[in-house]
Amino acid sequence: FVDQVMQRAARRVVSVAAPARVRELSRGLASAGYAASSVTSTAVSGDLETLLREAQGADMVVLDATAGSQTERAQLQHALARNHLPYITLTSDPPGAARAAVDRSLGI
């Protein structure tokens, strides 16, 4: 357990979701030990470049289904891939499931 928390502490994870959901995801990831930050979905529809700057250097971007419209999420996925930023997508998974998905993706 301690080893997992130490591995998580060395990883930066950025959550992208609607305001209420992003707080829930970030809290869950931070409580598991990740260096978690967040971007609300308003940034997806407003300024994609700002969002990409926030995601630079992240070990993982968690893109939630509440992050903008389907078209906006597709644009973001394309931009993340184009910039070689790793990401996972979530539906309405609880924060514990988000942590498990990030752990799996990062090999923790």
Side-chain angles (χ1 to χ4, degrees):
F1 173 77
V2 174
D3 185 50
Q4 286 179 317
V5 173
M6 289 176 61
Q7 288 179 52
R8 290 180 190 133
R11 304 296 185 112
R12 183 168 167 260
V13 178
V14 177
S15 300
V16 183
R21 176 77 167 149
V22 82
R23 284 188 296 274
E24 176 184 37
L25 289 171
S26 291
R27 265 190 252 124
L29 291 166
S31 70
Y34 283 108
S37 63
S38 60
V39 177
T40 61
S41 59
T42 55
V44 175
S45 58
D47 186 0
L48 187 58
E49 292 306 314
T50 298
L51 190 147
L52 289 173
R53 273 194 303 278
E54 176 66 30
Q56 287 298 321
D59 295 291
M60 184 63 58
V61 176
V62 176
L63 181 57
D64 190 70
T66 63
S69 69
Q70 186 174 1
T71 301
E72 290 168 331
R73 286 190 309 277
Q75 290 172 339
L76 178 55
Q77 287 174 319
H78 180 72
L80 291 168
R82 186 178 66 243
N83 287 279
H84 308 287
L85 295 167
Y87 69 91
I88 59 171
T89 57
L90 300 176
T91 54
S92 58
D93 303 318
R99 190 243 346 122
V102 172
D103 281 354
R104 258 190 321 278
S105 295
L106 293 175
I108 295 176

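Scanning both residues, Ala58 and Arg12, for their nearest heavy atoms gives N-NH1, 3.3 Å. Considering all non-hydrogen atoms of both residues, Ile88 and Ala101 come closest at CD1-CB, 3.7 Å. Listed here is the closest heavy atom pair of Ala55 and Val14: CA-CG2, 4.3 Å. What you find for Pro86 and His84 is that their closest heavy atoms are CD-O, 3.7 Å. Residues Ser26 and Ala36 share a closest heavy-atom pair of O-CB, 3.8 Å. When all heavy atoms are compared, the tightest approach of Ala32 to Val5 is O-CG2, 4.0 Å.
Residue Asn83 holds its CG atom at 9.5 Å from NE2 of His78, rounded to the nearest 0.5 Å. One finds the CG atom of Leu52 at 7.0 Å from the CZ atom of Arg82 (value rounded to the nearest 0.5 Å). Remark: Ser15 OG to Arg27 CZ distance equals 11.5 Å, nearest 0.5 Å. Atom CG of Leu80 sits about 7.0 Å away from atom CG of Leu51, to the nearest 0.5 Å.
In this structure, Tyr34 and Ile108 have side chains that are in contact, with non-hydrogen atoms separated by less than 4.5 Å.
Leu90 and Leu106 fall within a single hydrophobic cluster, where Ile, Leu, Val, Met, Phe, Trp and Tyr side chains are chained together by heavy-atom contacts under 4.5 Å. The cluster map of Ile, Leu, Val, Met, Phe, Trp and Tyr, joined by side-chain heavy atoms under 4.5 Å apart, puts Tyr87 and Val102 in different clusters. One hydrophobic cluster holds both Met60 and Leu25 under the rule that ILVMFWY side chains link at heavy-atom gaps under 4.5 Å.
Between Asp103 and the choices Arg8, Arg11, Gln4, Gln7, the side-chain hydrogen bond (donor to acceptor under 3.5 Å, both in side chains) rule is met once, by Arg8.
Using modelled atom types, one finds no donor on one side chain facing an acceptor on the other under 3.5 Å when comparing Thr89 with Gln77.
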Run the side chain to side chain contact (heavy atoms under 4.5 Å, CB included) check on Gln75 and Thr71 step by step: do they pass? CA-CA 6 Å; Gln75 290 172 339; Thr71 301; 4.2 Å; yes

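A donor-acceptor pair is defined here as one N or O able to donate and one able to accept, closer than 3.5 Å; such a pair exists between the side chain of Ser31 and the backbone of Gly28.
Other residues, nucleotides and ligands place more than 12 heavy atoms under 6.0 Å from the CD atom of Gln56.
The salt bridge (Lys or Arg N to Asp or Glu O under 4.0 Å) pairs that include a residue from residues 29-38 number zero, where partners must be two or more places apart or lie in different chains. Pairs passing the salt bridge (Lys or Arg N to Asp or Glu O under 4.0 Å) check and including a residue from residues 57-66, sequence neighbours excluded, read Arg21-Asp64.
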